[in-house]
Amino acid sequence: MEAPARAPGAAAPIPILPILGVSTLLAAVAARLHLLSLAGGIHLPLFCPFRQITGWPCPTCGSTRALAALTQGRLIEALSFNPLVAAVALFLVAAAMVSLACRSLHVELPAPPRPGPALSRLLRAGALGLILVNWSFLILRS
């Protein structure tokens with residue numbers, strides 16, 4: 001099956017699912033490094049520069065521990081370390097599995113619709129809101 005021709009000057013579609021798959025792989029590597037550090041195989045920094053300077057946890061504090069807990073199947077513990085990172089990692093794993101299944105079955109998923117400017121602003125504001133809520137949780141928890 002031949003790919004449809006693009007209009008001259010049209011932007012190529014962004015391959016979202018492969019990007020999510022690579023992101024998942026990078027997250028798994030980070031979790032594995034953390035597990036190796038716990039076993040004494042390697043040494044990771046034990047401090048967060050942002051926390052050292054401000055006394056507050058950074059928006060990503062607990063991410064590596066959350067990913068390590070997920071790799072060991074401890075979902076509740078992962079959510080307690082950093083809920084947003086744990087949820088995004090689970091989404092990335094699901095997206096990678098869908099991508100793998102579609103590619104192995106030669107099924108092409110329809111391209112997602114492009115949001116208009118108003119929806120795009122709303123999505124960015126929602127993402128920022130999620131990050132701020134997650135950061136507030138991390139600050140209140142510590």
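Note: hydrogens, waters and symmetry copies are ignored here, and every other heavy atom, side chains too, is used. Numbering starts at 1 and runs along the sequence shown.
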Donor-acceptor contact below 3.5 Å, side chain Arg65 vs main chain Asn82:
no
ILVMFWY cluster, Leu92 and Ile131 together (side-chain gap under 4.5 Å)
yes
Short question: side chain of Ser99, backbone of Ala95 - any donor-acceptor pair under 3.5 Å?
no
Heavy-atom pair of closest approach, residues Pro59 and Leu138:
O-CD1, 3.5 Å
Compare every heavy atom of Gly62 with every heavy atom of Phe81, then report the nearest pair and how far apart it is.
CB-O, 3.5 Å
Under 4.5 Å between side-chain heavy atoms, counting indirect links through other Ile/Leu/Val/Met/Phe/Trp/Tyr residues: same cluster for Leu84 and Ile139 or not?
no
Nearest 0.5 Å, what's the CG-CG distance between Asn134 and Leu130?
8.5 Å
If every non-hydrogen atom of Ala78 is compared with every non-hydrogen atom of Leu70, which pair is closest and at what distance?
CB-CG, 3.6 Å
Any sub-3.5 Å donor-acceptor pair from Trp56's side-chain atoms to Phe50's backbone N or O?
no
Is Leu128 reachable from Trp135 through a run of hydrophobic residues whose side-chain heavy atoms are each under 4.5 Å from the next?
yes
Could you check if a side-chain atom of Ser142 sits within less than 4.5 angstrom of a side-chain atom of Arg51, using non-hydrogen atoms only?
yes
Through direct or indirect side-chain contacts below 4.5 angstrom among Ile, Leu, Val, Met, Phe, Trp and Tyr, which residues connect to Met97?
Val93
